[in-house]
Visitor: 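The structure follows.
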Amino acid sequence: MAENTAIQWTKHTFNPWWGCTKVGPGCDHCYAETFDKRVGGSHWGTGQPRRLVKDWSKPRQWNREAAKTGERPWVFCASMADVFDNEVPDEWRDRLWDLVRECQNLNWQFVTKRVGNVAKMIPADWAENFRHCGIIATVVHQEEADRDIPKLVRLKPATRWIGLSIEPQIGPIDLSPWLNSLDWIITGGESGHGARPYDPVWAKSLIDQGRRTGVPVFVKQMGAKPVGLKLVDAKGGNAGEWPPSLQVRQMPRIAFEPPSANTAKRSEATDVTPNLPQGE
């Protein structure tokens with residue numbers, strides 16, 4: 001886990017376990033698998049055991065701090081795994097839900113490439129006791145968007161807010177059929193070995209789509225191979241190097257409000273670009 005992580009769209013990361021299985025083109029150059037192998041792990045792939053992390057104390061610490069300050073930090077769970085992975089023991093997930101249910105002062109972000117598993121893996125009291133949580137589905141091109149976004153949309157209204165992580169984006173995406181249901185869009189290019197090109201035109205298209213319908217858009221990075229741009233930052237994460245039209249880093253206001261707030265209104269965008277760190 002990481003306190004004050006450098007991932008620009010969150011504040012903390014919490015990993016209850018490590019390990020996953022690649023399920024699509026977005027997984028081809030998985031940073032988490034690479035890091036796992038670098039530290040001697042072997043927790044990726046079908047049949048490979050996932051590693052349960054021993055220390056689960058940090059979210060409770062962050063929750064206590066948030067209660068004192070009144071500021072609700074973002075917590076990305078899990079950067080080294082997928083909570084909705086079929087090969088994770090149910091008892092691990094049950095333990096995680098107990099922790100999340102307890103830590104009501106945090107804005108939990110669950111990013112998954114297995115959005116079809118969510119409905120059967122969330123607890124029975126999800127709609128009542130998990131209003132401080134959002135589900136973010138990862139899609140990387142139009143085919144995945146057409147397949148998975150309808151599954152994501154069906155999670156509302158039981159899920160308070162939903163979003164997309166289009167990272168690494170590897171093709172243009174038209175979100176017009178679903179924009180009225182989405183609360184957030186993240187996009188970014190790929191970094192690291194084997195990075196694929198990222199066309200800033202794709203980001204501008206998503207920004208324009210979001211503006212037309214009031215959906216917040218967060219452009220995370222241009223990646224290592226931005227088309228038509230020469231950047232100093234190897235990951236393309238320094239927004240100051242981008243054209244002004246791409247310098248858009250908005251968060252959904254719905255997640256800054258208390259979970260008990262009326263959620264019937266449309267989520268509004270909050271631009272937080274100046275306060276965010278650069279890099280992966």
Side-chain angles (χ1 to χ4, degrees), residues 1-2 4-10 12-15 17-51 53 76-85 87 109 111-114 136-145 148 164-173 185-204 206 218-243 246 249 276-280:
M1 69 192 73
N4 300 320
T5 177
I7 298 174
Q8 295 98 325
W9 46 260
T10 195
H12 306 304
T13 57
F14 169 64
N15 284 288
W17 53 81
W18 283 27
C20 197
T21 296
K22 294 182 178 181
V23 293
C27 304
D28 287 352
H29 308 127
C30 178
Y31 73 90
E33 180 189 27
T34 300
F35 185 71
D36 182 50
K37 290 180 177 178
R38 188 179 302 156
V39 297
S42 181
H43 305 101
W44 254 256
T46 302
Q48 292 296 317
R50 305 331 187 201
R51 180 173 74 83
V53 174
F76 170 24
C77 180
S79 62
M80 292 295 294
D82 190 326
V83 169
F84 303 101
D85 178 2
E87 298 195 51
Q109 302 157 301
V111 183
T112 182
K113 291 181 171 66
R114 297 165 173 82
I136 303 171
T138 295
V139 298
V140 299
H141 52 39
Q142 191 69 51
E143 182 180 355
E144 286 193 342
D148 288 341
L164 293 176
S165 174
I166 308 176
E167 188 182 12
Q169 185 167 359
I170 59 176
I173 297 181
I185 301 165
I186 303 168
T187 179
E190 194 167 33
S191 60
H193 178 72
R196 288 161 285 192
Y198 178 75
D199 194 331
V201 171
W202 303 339
K204 186 61 169 60
L206 291 173
F218 193 109
V219 183
K220 181 185 176 228
Q221 62 184 35
M222 294 291 110
K225 294 183 178 180
V227 177
L229 296 179
K230 292 184 178 180
L231 307 176
V232 175
D233 189 307
K235 297 178 180 179
N238 184 352
E241 294 190 82
W242 312 343
L246 300 178
R249 285 179 169 171
L276 291 170
Q278 307 301 332
E280 180 73 8

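Sequence positions, counted from 1, serve as the residue numbers for this chain.
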Visitor: Quick one: does Trp44's side chain have a donor or acceptor within less than 3.5 Å of a partner on Thr34's backbone?
Guide: no
Visitor: Do side-chain atoms of Asn15 reach the backbone of Met80 as a donor and acceptor pair under 3.5 angstrom?
Guide: yes
Visitor: If I take atom CG from residue Leu231 and atom CH2 from residue Trp242, how far apart are they, to the nearest 0.5 angstrom?
Guide: 9.0 Å
Visitor: Quick check for you: to the nearest 0.5 Å, what is the distance between Lys220 atom NZ and Arg249 atom CZ?
Guide: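 Separation between the atoms: 9.0 Å.
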Visitor: Please identify each residue that fulfils side-chain hydrogen bond (donor to acceptor under 3.5 Å, both in side chains) with Glu87, with sequence neighbours left out.
Guide: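 Partners of Glu87 under the side-chain hydrogen bond (donor to acceptor under 3.5 Å, both in side chains) test: none.
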Visitor: Using every non-hydrogen atom in the two residues, find where Met222 and Pro200 come nearest and quote the distance to one decimal.
Guide: SD-CG, 4.1 Å
Visitor: Between the side chain of Arg196 and the main-chain N/O of Gly194, is any donor-acceptor distance below 3.5 Å?
Guide: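 Side chain of Arg196 to backbone of Gly194, a donor-acceptor pair under 3.5 Å: no, none is there.
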Visitor: Set out, in order, the CA-CA distance, both residues' side-chain angles and the distance that settles side chain to side chain contact (heavy atoms under 4.5 Å, CB included) for Ser42 and Gln48, then state yes or no.
Guide: CA-CA 7 Å; Ser42 181; Gln48 292 296 317; 3.4 Å; yes
Visitor: Is it the case that atom CD in Gln142 sees more than 12 heavy atoms from other parts of the structure closer than 6.0 Å?
Guide: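 Check passes, neighbour count above 12.
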Visitor: Measure the CG-CD1 distance between Leu206 and Ile173 for me, rounded to the nearest 0.5 Å.
Guide: 6.5 Å
Visitor: Could you tell me which non-hydrogen atom of Gln169 sits nearest to which non-hydrogen atom of Pro172, and how far apart they are?
Guide: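 Looks like NE2-CA, 4.1 Å.
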Visitor: Looking at Glu241 and Val232, would you say the former's side chain and the latter's main chain have a donor-acceptor pair under 3.5 Å?
Guide: yes
Visitor: Is the backbone of Thr10 close enough, under 3.5 Å, to the side chain of Gln109 for a donor and an acceptor to pair up by distance?
Guide: no
Visitor: So do Ile185 and Ile166 actually touch side chain to side chain, heavy atoms under 4.5 Å?
Guide: yes
Visitor: Could you go through Lys204 and Val219, starting from their C-alpha distance and side-chain angles, then the distance that decides it, and tell me whether this counts as side chain to side chain contact (heavy atoms under 4.5 Å, CB included)?
Guide: CA-CA 9 Å; Lys204 186 61 169 60; Val219 183; over 6 Å; no
Visitor: What I'd like to find out is whether the side chain of Val83 reaches to under 4.5 Å of the side chain of Thr112, using heavy atoms alone.
Guide: no
Visitor: Measure across Lys22 and Asp28 and return the closest heavy-atom pair with its distance rounded to 0.1 Å.
Guide: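 Nearest heavy atoms, Lys22 then Asp28: NZ-O, 3.2 Å.
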Visitor: Thr187 vs Tyr198, test: side-chain hydrogen bond (donor to acceptor under 3.5 Å, both in side chains). Steps then yes/no.
Guide: CA-CA 10 Å; Thr187 179; Tyr198 178 75; 2.9 Å; yes
Visitor: For Pro197 versus Val227, what's the shortest heavy-atom pair and its separation?
Guide: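 Here Pro197 and Val227 meet closest at CB-CG2, 4.1 Å.
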Visitor: For the pair Phe76 and Ile7, evaluate side chain to side chain contact (heavy atoms under 4.5 Å, CB included) and give the outcome as yes or no after the intermediate values.
Guide: CA-CA 9 Å; Phe76 170 24; Ile7 298 174; 3.9 Å; yes
Visitor: Indicate yes or no: does Arg51 engage Asp36 in a salt bridge with an N to O separation below 4.0 Å.
Guide: no
Visitor: Which atom pair, heavy atoms only, marks the closest approach of Pro25 to His141?
Guide: CG-NE2, 3.6 Å
Visitor: Shortest non-hydrogen contact from Ala32 to Ser79?
Guide: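 That closest heavy-atom pairing would be CB-O, 3.8 Å.
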Visitor: Does Ser191 form a side chain to side chain contact (heavy atoms under 4.5 Å, CB included) with Tyr31? I'd like the steps, not just the answer.
Guide: CA-CA 9 Å; Ser191 60; Tyr31 73 90; over 6 Å; no
Visitor: To the nearest 0.5 angstrom, please state how far the CD atom of Glu143 sits from the CG atom of Asp148.
Guide: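 The distance works out to 10.0 Å.
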Visitor: Would you confirm whether Glu190, through its side chain, and Gly223, through its main-chain N or O, come within 3.5 Å as a donor-acceptor pair?
Guide: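 Side chain of Glu190 to backbone of Gly223, a donor-acceptor pair under 3.5 Å: no, none is there.
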Visitor: Starting at CZ of Phe218, measure out to CD of Glu167 and round the result to the nearest 0.5 Å.
Guide: 9.5 Å
Visitor: Rounded to the nearest 0.5 Å, what separation is found between the CG atom of Asp85 and the NZ atom of Lys113?
Guide: 11.5 Å
